[in-house]
Amino acid sequence: MLTCDLLGFLIMQAYPDLKRGIDFWVCHPVDSKTLEQTGPAIIAGWQNDHPQPILDDIEKWWAQYGPKCIELDAERVAKNRLPYLIDEADDLVEHCLDLEAIAPDRATRDSAAQTEHAARAYRQALRDVPKQPGYPLNIDWPVKPADPGE
C-alpha cells in the first residue's frame with residue numbers, strides 16, 4: 001500500500017524542486033480506532049506551478065522510482081530500529097557488569113560474565129548491520145542474548 005512517505009518520495013523524484021509540506025501535502029485514510037492506514041496515500045494539497053499529478057503519473061513514477069523508494073524506506077526503518085536495539089544492548093552489558101559486581105555466588109558471576117561477552121558481541125553485530133550484503137532490504141538481525149538477571 002502506498003504510504004505518505006512513499007508518495008512524497010515519488011513526487012520529489014519527479015519534481016526535485018518541490019518541498020513536502022510547502023509545495024504539496026499528502027495524507028492517507030486511517031482506521032478511527034487503531035489509527036492504522038486503511039488505504040493508499042493521496043495528494044491532499046498542491047500549491048506550485050507544476051500540474052498536479054494524476055494516478056497515471058504516480059503509477060509511471062512507481063515503475064521508475066519504486067525500487068529505490070522501497071530501498072530507502074527499508075533503510076529508514078532499519079536506521080530507526082538500530083539505535084533502540086543498541087541502547088538495549090548497552091543496558092544489557094551494564095546490567096551484567098552490575099550482576100558480576102554484586103553476585104553472591106560464582107555461578108551467577110560466571111553467568112553474568114558470559115552474558116556480558118555475548119551482549120558485547122550482539123552490540124557489535126548490531127553496529128555491523130549496515131555492512132551486511134543485503135542491507136537494507138535483507139537484514140539478518142542478530143539475536144539478543146538472554147539477560148541472566150531475568
Side-chain angles (χ1 to χ4, degrees), residues 1-100 111-150:
M1 184 177 328
L2 190 62
T3 65
C4 290
D5 286 340
L6 297 177
L7 179 56
F9 175 83
L10 292 175
I11 293 169
M12 289 186 291
Q13 293 304 297
Y15 300 119
D17 59 315
L18 298 186
K19 302 268 189 271
R20 183 174 168 184
I22 296 173
D23 299 309
F24 69 94
W25 294 262
V26 293
C27 66
H28 59 253
V30 296
D31 180 278
S32 62
K33 292 183 179 127
T34 66
L35 300 180
E36 291 188 20
Q37 183 173 347
T38 59
I42 60 167
I43 298 170
W46 192 261
Q47 295 187 350
N48 59 75
D49 294 333
H50 298 284
Q52 182 169 338
I54 59 173
L55 185 56
D56 287 347
D57 297 322
I58 294 167
E59 288 174 351
K60 179 182 74 175
W61 297 338
W62 183 258
Q64 185 175 359
Y65 305 117
K68 184 64 175 172
C69 190
I70 290 169
E71 183 178 337
L72 288 172
D73 194 50
E75 185 173 24
R76 178 188 59 80
V77 169
K79 284 184 174 182
N80 285 339
R81 184 177 182 195
L82 275 170
Y84 170 78
L85 294 174
I86 291 170
D87 284 348
E88 204 175 54
D90 289 343
D91 290 345
L92 181 58
V93 169
E94 290 301 316
H95 185 242
C96 290
L97 291 172
D98 291 345
L99 275 179
E100 285 180 63
S111 174
Q114 288 173 348
T115 303
E116 177 201 349
H117 178 73
R120 288 179 186 277
Y122 169 66
R123 182 174 55 190
Q124 186 58 53
L126 288 170
R127 289 180 177 145
D128 291 340
V129 161
K131 297 176 188 172
Q132 291 182 10
Y135 181 86
L137 297 174
N138 298 309
I139 298 173
D140 183 19
W141 288 101
V143 177
K144 179 183 171 187
D147 187 329
E150 292 180 349

Next on the checklist: Holding to side chain to side chain contact (heavy atoms under 4.5 Å, CB included), I want the full list of residues that pass it with Gln124, two or more places apart in sequence or in another chain.
Outcome noted: Arg127, Asp128
Checklist entry - With sequence neighbours left out, what residues match Asp90 under salt bridge (charged side-chain N to carboxylate O under 4.0 Å, His left out)? => result Arg123
Checklist outcome for this item: Contacts of Leu55 meeting side chain to side chain contact (heavy atoms under 4.5 Å, CB included) (sequence neighbours excluded), chain-then-number -> Glu59
Next on the checklist: Once side-chain hydrogen bond (donor to acceptor under 3.5 Å, both in side chains) is applied, do any residues pair with Asp31, and if so which ones, sequence neighbours excluded?
Outcome noted: Thr34
Identify every side-chain donor-acceptor pair in residues 130-142 under 3.5 Å, counting partners at least two apart or on other chains, and give the distances.
| residue | atom | partner | partner atom | Å |
| --- | --- | --- | --- | --- |
| Gln132 | OE1 | Asp140 | N | 2.8 |
| Gln132 | NE2 | Asp140 | O | 2.9 |

Next on the checklist: I'd like to check the salt bridge (charged side-chain N to carboxylate O under 4.0 Å, His left out) partners of Arg20; sequence neighbours left out, ordered by chain and number.
Outcome noted: Asp5
Checklist outcome for this item: side chain to side chain contact (heavy atoms under 4.5 Å, CB included) filter on Ser32, not counting sequence neighbours, yields none
Checklist outcome for this item: side chain to side chain contact (heavy atoms under 4.5 Å, CB included) filter on Asp49, not counting sequence neighbours, yields none
Item to check | salt bridge (charged side-chain N to carboxylate O under 4.0 Å, His left out) partners of Glu71, counting only residues at least two apart | outcome: none
Item to check | salt bridge (charged side-chain N to carboxylate O under 4.0 Å, His left out) against Lys19, all qualifying residues, sequence neighbours excluded | outcome: none
Identify every side-chain donor-acceptor pair in residues 6-18 under 3.5 Å, counting partners at least two apart or on other chains, and give the distances.
| residue | atom | partner | partner atom | Å |
| --- | --- | --- | --- | --- |
| Asp17 | OD1 | His50 | NE2 | 3.2 |
| Asp17 | OD2 | His50 | NE2 | 3.1 |

Checklist entry - Which side-chain hydrogen bond (donor to acceptor under 3.5 Å, both in side chains) pairs, counting each pair once, include a residue from residues 36-48, with sequence neighbours left out? => result Trp46-Asn48
Next on the checklist: Looking at every non-hydrogen atom in both residues, tell me the closest pair between Cys27 and Ala44 and how far apart they are.
Outcome noted: SG-CB, 3.7 Å
